[in-house]
*Asks:* 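Next up is a structure, given as structure tokens.
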Amino acid sequence: MALDSRIPGGPLENKWSERKDHMKMVNPSNKRKYTVIVVGTGLAGGAAAASLGELGYNVLNFCYQDSPRRAHSIAAQGGINGAKNYQNDGDSVYRLFYDTIKGGDFRSREANVYRLAEVSANIIDQCAAQGVPFGREYGGTLANRSFGGAQVSRTFYARGQTGQQLLLGAYQALERQVASGQVKMFPRHEMLDLVLIDGRARGIVVRNLETGAIQSFVGDAVMLCTGGYVNVFYLSTNAKNCNTSAIWRAHRRGALFANPCYTQIHPTCIPKSGDYQSKLTLMSESLRNDGRIWVPKKKGEQRPVEQIPEEDRDYYLERIYPSYGNLAPRDVSSRQAKYRCDEGLGVGPSGLGVYLDFSESIKRLGQNVIAERYGNLFEMYERITGENPYQVPMRIYPAAHYAMGGLWVDYDLMSNVPGLFVGGEANFSDHGANRLGASALMQGLADGYFILPLTVGDYLASGGIKKTDTNHAAFKDAEREATTRLDKLLAAKGNRTVDSYWRELGTILWDECGMARSKESLERALTKIPVLREEYWKNLKVPGSGADFNQELEKANRVADFFELGELLCRDALDRNESCGGHFRTEYQTPDGEAKRNDAEYAYVAAWGWKGENQKPELQKEPLVYEKIQLATRSYK
Amino acid sequence: MSVTTKDAVIAQGPSRLSLFWMSTVGKKVLMALSGIILFGYVVAHMLGNMQLYLGTDLINGYAHLLHLNQGFLWTARIVLLAAVLVHAIAAIQLWVGKRDARPIPYRSKENIQATAASRTMIWTGAIIAAFIVYHVLDLTVGTAHAGRYVELDAAGNLISGFSQAGPVVLYVIAMIALGFHLWHGVYSMFGSLGLSHPRYTAGVKRLAALVATLIALGNISFPVAILTGLVHG
Amino acid sequence: MSANGHGGMKLTLDIWRQKNASDPGRFVRYQVTANVHMSFLEMLDVLNQDLIVKGEEPLAFDSDCREGICGMCGFVINGSPHGPTHGATVCQLHMRFFKDGDSLTLEPWRAKAFPIVKDLVVNRTALDRIIQAGGYISTRTGSAPEANSILVPKESADIAMEAAACIGCGACVAACPNASAHLFTSAKITHLGVLPQGQPERYSRVLDMIGQATTEGFGHCTLMGECEAVCPGHVALEVIPRMNADFFKGSIKKRDPKAVAGGA
Ligand SMILES: Cc1cc2nc3c(=O)[nH]c(=O)nc-3n(C[C@H](O)[C@H](O)[C@H](O)COP(=O)(O)OP(=O)(O)OC[C@H]3O[C@@H](n4cnc5c(N)ncnc54)[C@H](O)[C@@H]3O)c2cc1C
Ligand code: HEM
Ligand code: HEM
Ligand code: SF4
Ligand code: F3S
Ligand code: FES
């Protein structure tokens with residue numbers, strides 16, 4: 001089966017309007033006859049559910065938190081891009097498009113990225129109208145800042161809480177639809193499986209996390225906006241409960257998983273402090289606008305940091321990348337930090353850290369300006385580390401942060417399974433091998449507000465969807481499988497906890513498949529993981545029962561999926577014999593340690609099909625065709 | 001299909017006035033308004049009583065004056081009674097409501113910035129209520145008066161009453177309660193009516209404390225002055 | 001007895017254990033060994049690992065982002081919602097604020113409107129319903145004007161931002177001697193009410209949201225300020241009088257609030 005990305009014809013600039021002009025439409029009075037299941041209430045899911053409700057569809061909306069407002073989008077700090085050119089610095093749709101393609105190291109789909117840049121401006125309009133309190137100039141117009149990997153100021157922000165404010169905007173629009181009865185909200189409900197009937201996605205099986213009840217829900221289309229999977233590394237900047245279960249279950253039901261090895265390591269996180277560590281905290285990349293990154297020039301530097309003179313400091317990003325300096329893209333700056341620490345120049349107790357220093361900009365702008373810009377981040381840092389970043393430089397280290405990979409989708413954001421749509425971080429869509437700062441919020445909202453509500457309509461209007469309900473055998477089977485699986489986790493009654501396994505899996509992936517990967521390391525991982533997974537199912541210890549609120553069981557179920565995903569992640573990384581963006585294979589680098597792409601052989605999307613447990617997955621390739629731009633070596637020097 | 005929002009779910013509710021009364025915020029507004037009336041009365045009343053220091057016949061004259069105009073007197077009485085009733089009923093309903101709002105108390109609960117006055121409003125209020133009843137029976141009706149009660153001889157009644165320790169103690173206790181009540185009440189009043197700006201909050205708090213203390217002390221001074229013989233027939 | 005064998009401070013914890021909504025619940029005493037670098041929740045993770053290994057029921061408590069922004073976590077430590085530091089979530093509380101030998105009492109948010117799900121986990125959907133009642137600006141997707149066509153004075157934008165920083169954790173309710181949701185409710189009303197975009201629904205919003213808060217069974221506000229003192233979103237008390245003012249205006253306005261609600 002060849003992958004059909006269904007990219008509309010015509011010149012790049014017109015593809016989206018071309019597509020919209022020829023979509024099939026559901027007539028307004030018929031919309032209420034359709035039910036759309038939306039899993040996820042983040043920027044993508046929340047925006048989609050609200051917009052579909054406004055259009056008049058019946059929407060069933062699910063999330064695992066106790067409120068839709070808590071989706072992990074809430075944690076985004078830095079900002080959201082929009083090609084508004086409010087700064088008159090020559091920004092344009094094309095520039096945003098090009099920066100995103102280039103940032104993604106030329107491994108994303110041209111047409112999707114162009115559409116993303118195109119709708120970015122509407123997103124800002126929509127959010128401003130909802131009352132999102134964006135930063136403003138004294139004249140009352142919107143303010144911008146520049147953000148990692150861009151040379152124009154196109155990032156909109158709400159203090160250090162941009163994600164929170166955008167999500168609350170979507171959440172409020174969503175609650176408005178809940179009040180109207182158009183959307184039914186199911187908080188503390190976790191999706192356990194996807195249900196297919198006649199090859200179409202027709203429903204989901206969920207577990208009510210409060211009561212433990214297993215329930216089925218039927219719809220005419222299913223939309224997964226369930227976020228990213230980098231918790232597969234155990235330690236990451238993601239929320240504790242972020243998981244891959246929803247998309248992984250869909251994958252096992254036939255949805256292709258694209259580019260799993262494209263994971264992003266964020267350069268500016270607070271270093272790990274001990275083995276009990278439960279997650280890593282991101283310090284917004286926007287800090288890099290005013291902070292300078294450095295390490296001591298000589299190994300085993302003993303002097304207290306404030307006594308290390310300028311000449312003994314190596315501002316390595318400014319040295320290696322003069323034109324971008326501290327704003328070099330994430331994969332690049334993360335890798336450079338790793339190199340410094342590998343060379344033994346790392347700082348802090350663990351030796352795994354570099355300095356992010358504000359003293360210079362505090363001198364230049366004054367402490368209150370810095371406080372105005374980053375006050376809450378500095379506060380957070382001090383609370384966690386007990387050090388005051390106004391006085392001593394922050395210590396930062398890279399951490400797993402974002403998944404560019406995800407379920408494969410076509411131009412309409414529909415997976416290869418008819419009726420299964422995927423939005424936000426959960427799909428592989430727009431970021432190629434590396435995501436630029438402030439572009440995930442943009443993508444989540446583009447998908448949710450402006451793309452999915454239309455493309456779903458086109459799917460529904462195309463007909464062929466038969467009436468069915470949750471008594472259908474497919475639902476009953478899925479419910480049974482879900483229950484058996486949970487029982488199996490409970491039945492193991494071994495003597496190791498979920499966390500201990502999760503931590504071990506994470507360590508394997510971080511060491512063998514993290515910032516730098518090699519054939520050897522990946523093969524090591526691919527032998528270790530299956531062994532550990534076997535043991536997991538036998539020796540796991542999960543207390544309590546499935547019939548009530550049981551957080552360990554929830555975790556056990558998620559980690560079981562992480563094991564399978566982790567394996568695919570390494571396999572994909574092993575299969576891609578090149579370095580690009582977040583995927584860095586040590587065998588493939590330039591003399592000065594930059595990623596070396598192989599466009600001749602690897603300019604494709606790797607879409608993996610599930611072939612059963614302990615079966616080798618099947619690889620399908622979607623070649624990446626660039627009509628508009630020339631593939632170039634990404635240079636930030 | 002245009003999706004209207006609340007119209008779809010909220011049926012025609014009760015009238016706006018009853019909505020106002022039903023909501024905790026509406027009740028607080030009414031408490032504040034009645035509080036103002038009561039507060040105003042207490043101030044005026046105290047100033048009136050100050051005449052005690054200017055000579056007993058003066059205050060009696062004032063009492064007579066009040067009683068000459070029965071129309072005015074009764075309107076005043078009715079307004080006051082209404083104010084106290086609204087105020088007290090709202091207070092009690094809110095108090096009942098807040099007790100239901102937390103059926104299981106905390107084992108321990110730290111107080112970070114709530115003042116003692118703010119946490120005892122209902123009790124100081126109750127004391128004031130009891131005082132008002134006693135006070136009216138004491139000096140207006142006369143039935144609760146300690147000593148011989150002479151109609152319209154305000155000064156005489158005060159002196160005969162406050163020459164004994166008993167009434168004086170009761171009055172002093174009540175006035176301390178009143179002081180506490182107004183200490184938080186006057187500040188909180190501004191909040192309830194939405195007359196608040198961060199710039200002035202600190203000032204309003206200080207003002208409220210000052211006014212409350214003055215009223216308490218001013219009122220306490222009368223019985224004490226009589227008991228100690230500073231003021232006599 | 002620490003699972004990961006890192007010694008440090010020994011703590012005695014009296015923790016509220018309650019199987020489910022119907023179970024009466026009780027305090028149970030635990031000993032745990034923590035170290036100063038842990039976060040408070042990591043200390044509880046360690047406790048839970050030990051309990052699981054010993055075959056006991058681990059403690060149920062909510063958390064997700066663990067960086068103070070999602071509002072999922074929250075319980076009362078020695079009578080203080082989110083713990084003794086005040087103004088930060090419990091997931092942002094670190095063990096260096098405690099000392100060896102401390103004994104702590106852990107209780108869930110206590111309010112009728114927040115039924116207990118299990119142990120320290122409560123159900124806060126009442127707060128969502130308050131938002132449903134009007135905590136939004138009705139703008140259908142696609143109907144928005146060009147963003148810079150709405151000018152917002154920086155001062156209003158700042159007031160809106162400060163109020164909008166509420167993370168919906170419910171600590172204000174937990175802290176309030178009256179179990180009032182005033183700080184949460186007025187934070188949203190202020191956020192939307194000071195912005196030009198929020199004007200059309202300004203007064204119907206305040207009436208409907210306050211009505212819902214009352215219906216949910218939250219208490220009233222005596223302006224005691226405990227909520228402000230613990231609020232991890234640093235929402236300032238001034239939002240409450242702001243809300244009261246709008247409520248007063250809204251109530252005397254001629255138009256019947258219900259008729260304009262939603263506006264669509
Ligand atoms: C700390 C941090 C900072 C960031 N900063 C920025 C930034 O400054 N700019 C930027 O552009 N991007 C940023 N990002 C990335 C961006 O926030 C995310 O990629 C984006 O918000 C993802 O949105 P989403 O809607 O796809 O998923 P999420 O917001 O993660 O939502 C996932 C939803 O799915 C639900 N869900 C998940 N699994 C299940 C299941 N099995 N069953 C039921 N429901 C489920 C969850 O309950 C949740 O509602 C940041 C990310 C992090 C972690
Ligand atoms: C009749 C007996 C009284 C009772 C039971 C009573 C009770 C209360 C209570 C419980 C409150 C606090 C309401 C809240 O929880 O915020 C209150 C507030 C107040 N009381 Fe009284 N009170 C009484 C009499 C008075 C009197 C005589 C005065 C004036 C001298 C007064 C002035 C006030 C004021 C100004 C407030 C502030 C209102 C607000 O917070 O908006 N009260 N009262
Ligand atoms: C020590 C302080 C006070 C003194 C000396 C005092 C004195 C008096 C006197 C002499 C009268 C009788 C007037 C008359 O009928 O001729 C009176 C009436 C009254 N006082 Fe006071 N009073 C005091 C405090 C208060 C306070 C604090 C309140 C309210 C909370 C109050 C409420 C009243 C009322 C309601 C009446 C009845 C008025 C009427 O209906 O005629 N008094 N007071
Ligand atoms: S107002 Fe503060 S305390 Fe209350 S819910 Fe919001 S953030 Fe939490
Ligand atoms: S503590 Fe409670 S009384 Fe009001 S000021 Fe805060 S809600
Ligand atoms: S866990 Fe998100 S705020 Fe504490």
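In what follows, chains are A, B, ... by sequence order, proteins preceding strands, each numbered from 1.
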*Asks:* Is there a side-chain contact between A/E552 and C/I52 (heavy atoms, below 4.5 Å)?
*Replies:* yes
*Asks:* Please determine, among C/G71, C/A157, C/S149, the option with the most heavy-atom pairs under 4.5 Å with chain A.
*Replies:*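 Top count of heavy-atom pairs under 4.5 Å with chain A: C/G71.
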*Asks:* Any chance you could measure A/E382, atom CD, to A/L377, atom CG, to the nearest 0.5 Å?
*Replies:*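 That separation rounds to 13.0 Å.
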*Asks:* Give, as side chain, backbone, both or neither, the part of C/V121 having an atom under 4.5 angstrom from any heavy atom of chain A.
*Replies:* side chain
*Asks:* What do the steps show when you test C/Q92 against A/I384 for side-chain contact (heavy atoms from CB on, under 4.5 Å), and what is the final call?
*Replies:* CA-CA 7 Å; C/Q92 291 285 281; A/I384 294 173; 4.2 Å; yes
*Asks:* Non-hydrogen atoms of chain C under 4.5 Å away: do they reach the side chain of A/L282, the backbone, both or neither?
*Replies:* backbone
*Asks:* So what's closer than 4.5 Å to chain A heavy atoms on C/H94: side chain, backbone, both or neither?
*Replies:* side chain
*Asks:* Can you tell me which portion of C/I167 sits under 4.5 Å from chain A's heavy atoms? Options are side chain, backbone, both or neither.
*Replies:* both
*Asks:* So does C/D158 pair up with C/K154, basic N to acidic O under 4.0 Å?
*Replies:* yes
*Asks:* Looking only at heavy atoms and a cut-off of under 4.5 Å, which of C/P153, C/G142, C/G68, C/A160 has the most pairs with chain A?
*Replies:*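 That would be C/G142.
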*Asks:* What's the verdict on side-chain contact (heavy atoms from CB on, under 4.5 Å) for C/N48 and C/F61, showing C-alpha distance, side-chain angles and the deciding distance?
*Replies:* CA-CA 10 Å; C/N48 273 346; C/F61 63 91; 3.6 Å; yes
*Asks:* Hey, which of A/R70, A/K240, A/R69 has the most heavy atom pairs under 4.5 Å with chain C?
*Replies:* A/R70
*Asks:* Return the option, out of A/Y138, A/F549, A/F134, A/Y86, with the maximum number of heavy-atom pairs under 4.5 Å with chain C.
*Replies:* A/Y86
*Asks:* In terms of heavy-atom proximity below 4.5 Å to chain C, should A/Q165 be classed as side chain, backbone, both, or neither?
*Replies:* side chain
*Asks:* Based on non-hydrogen pairs under 4.5 Å, which of C/Q197, C/R124, C/E57, C/K118 is most in contact with chain A?
*Replies:* C/R124
*Asks:* May I ask you to decide whether A/E175 forms a salt bridge with C/R129, counting only side-chain N to carboxylate O separations under 4.0 Å?
*Replies:*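 Salt bridge between A/E175 and C/R129, a charged N being under 4.0 Å from a carboxylate O: no.
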*Asks:* Salt bridge or not between A/K555 and A/D499? Use side-chain N to carboxylate O under 4.0 Å.
*Replies:* yes
*Asks:* Heavy-atom distances under 4.5 Å only: say whether A/T385 touches chain C with side chain, backbone, both or neither.
*Replies:*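 Contact with chain C involves the backbone of A/T385 alone.
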*Asks:* Flag the one option from A/S278, A/S67, A/A128, A/P543 with the top tally of heavy-atom pairs under 4.5 Å to chain C.
*Replies:*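 Ranked by contacts with chain C, first place is A/S278.
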*Asks:* What part of C/A21 gets within 4.5 angstrom of chain A, counting heavy atoms only: side chain, backbone, both, or neither?
*Replies:* neither
*Asks:* Would you say C/D64 and A/N241 are linked by a side-chain donor-acceptor pair, where the criterion is simply a distance under 3.5 Å?
*Replies:* yes
*Asks:* Using non-hydrogen atoms and a 4.5 Å limit, figure out which bit of A/Q551 sits close to chain C: side chain, backbone, both or neither.
*Replies:*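 The side chain, not the backbone.
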*Asks:* At a heavy-atom separation under 4.5 Å, does A/Q126 approach chain C through its side chain, its backbone, both, or neither?
*Replies:*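 The answer is both parts of A/Q126.
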*Asks:* Would you check if the distance from the ring center of C/F40 to the ring center of C/F98 is below 6.0 Å?
*Replies:*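 Centroid distance C/F40-C/F98: below 6.0 Å, so yes.
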*Asks:* Pick one of side chain, backbone, both or neither for A/N122, based on which atoms fall under 4.5 Å of a heavy atom in chain C.
*Replies:* neither
*Asks:* Checking heavy atoms, do the side chain of A/L280, its backbone, both or neither come under 4.5 Å from chain C?
*Replies:* backbone
*Asks:* Would you sort out whether A/Q182 and A/V59 count as a side-chain contact (heavy atoms from CB on, under 4.5 Å), showing the intermediate values?
*Replies:* CA-CA 6 Å; A/Q182 212 57 37; A/V59 180; 5.9 Å; no
*Asks:* Under 3.5 Å, is there a donor-acceptor pair between the C/H82 and C/T89 side chains?
*Replies:* no
*Asks:* Judged by atom type as modelled, is there a donor-acceptor pair below 3.5 Å linking the side chain of A/S73 to the main-chain atoms of A/G42?
*Replies:*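 It does not hold such a pair.
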*Asks:* Could you check which of C/A88, C/G168, C/P196, C/G198 has the highest count of heavy-atom pairs closer than 4.5 Å to chain A?
*Replies:* C/G168
*Asks:* Are A/Y381 and A/E387 close enough, and set up right, to give a side-chain contact (heavy atoms from CB on, under 4.5 Å), and what steps lead you there?
*Replies:* CA-CA 7 Å; A/Y381 181 86; A/E387 298 173 353; 3.5 Å; yes
*Asks:* Given a strict heavy-atom distance threshold of 4.5 Å, which part of C/L192 is in contact with chain A: side chain, backbone, both, or neither?
*Replies:* side chain
*Asks:* Do the side chains of C/E42 and C/R66 get close enough for a salt bridge, i.e. N-O under 4.0 angstrom?
*Replies:* no
*Asks:* Is any side-chain heavy atom of A/V132 closer than 4.5 Å to one of A/T162?
*Replies:*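 No; the side chains remain at least 4.5 Å from each other.
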*Asks:* Name the member of C/D62, C/V53, C/D45 that forms the most heavy-atom pairs with chain A at distances under 4.5 Å.
*Replies:* C/D62
*Asks:* Hey, which of A/K279, A/K493, A/K84 has the most heavy atom pairs under 4.5 Å with chain C?
*Replies:* A/K279
*Asks:* Is it the backbone or the side chain of A/N495 that comes under 4.5 Å from a heavy atom of chain C, or both, or neither?
*Replies:*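 For A/N495, there is no contact with chain C at all, as no heavy atom is under 4.5 Å.
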*Asks:* With a 4.5 angstrom heavy-atom cut-off, which part of A/L168 approaches chain C: side chain, backbone, both or neither?
*Replies:*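 Side chain of A/L168 only, per the 4.5 Å heavy-atom cut-off to chain C.
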*Asks:* Tell me, side chain or backbone of C/T125 under 4.5 Å from chain A's heavy atoms, or both, or neither?
*Replies:* side chain
*Asks:* Between A/E137, A/R188, A/E379, A/Q277, which shows the greatest number of heavy-atom pairs under 4.5 Å with chain C?
*Replies:*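 Result: the option with the highest number of such pairs is A/R188.
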*Asks:* Taking side chain as everything from C-beta outward and backbone as N, CA, C, O, which of these in C/N123 sits under 4.5 Å from a heavy atom of chain A? Side chain, backbone, both or neither.
*Replies:* side chain
*Asks:* Where does C/I130 contact chain A at under 4.5 Å (heavy atoms): side chain, backbone, both or neither?
*Replies:*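 Neither part.
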*Asks:* Using a cut-off of under 4.5 Å on heavy-atom pairs, state which of A/Q161, A/R496, A/H72 scores highest against chain C.
*Replies:* A/Q161
*Asks:* Regarding A/R503 and the six-membered ring of A/Y276, is the cationic atom NZ or CZ under 6.0 Å from the ring centre and inside 45° of its axis?
*Replies:*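 Not flagged: A/R503 not positioned over aromatic ring of A/Y276.
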*Asks:* Taking side chain as everything from C-beta outward and backbone as N, CA, C, O, which of these in C/D128 sits under 4.5 Å from a heavy atom of chain A? Side chain, backbone, both or neither.
*Replies:*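 Both backbone and side chain of C/D128 come within 4.5 Å of chain A.
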*Asks:* Please rank C/L127, C/T141, C/I137, C/L151 by heavy-atom pairs under 4.5 Å with chain A and give me the top one.
*Replies:* C/T141
*Asks:* Testing the 3.5 Å rule here: is there a donor-acceptor pair between the side chains of A/Q87 and A/N144?
*Replies:* yes
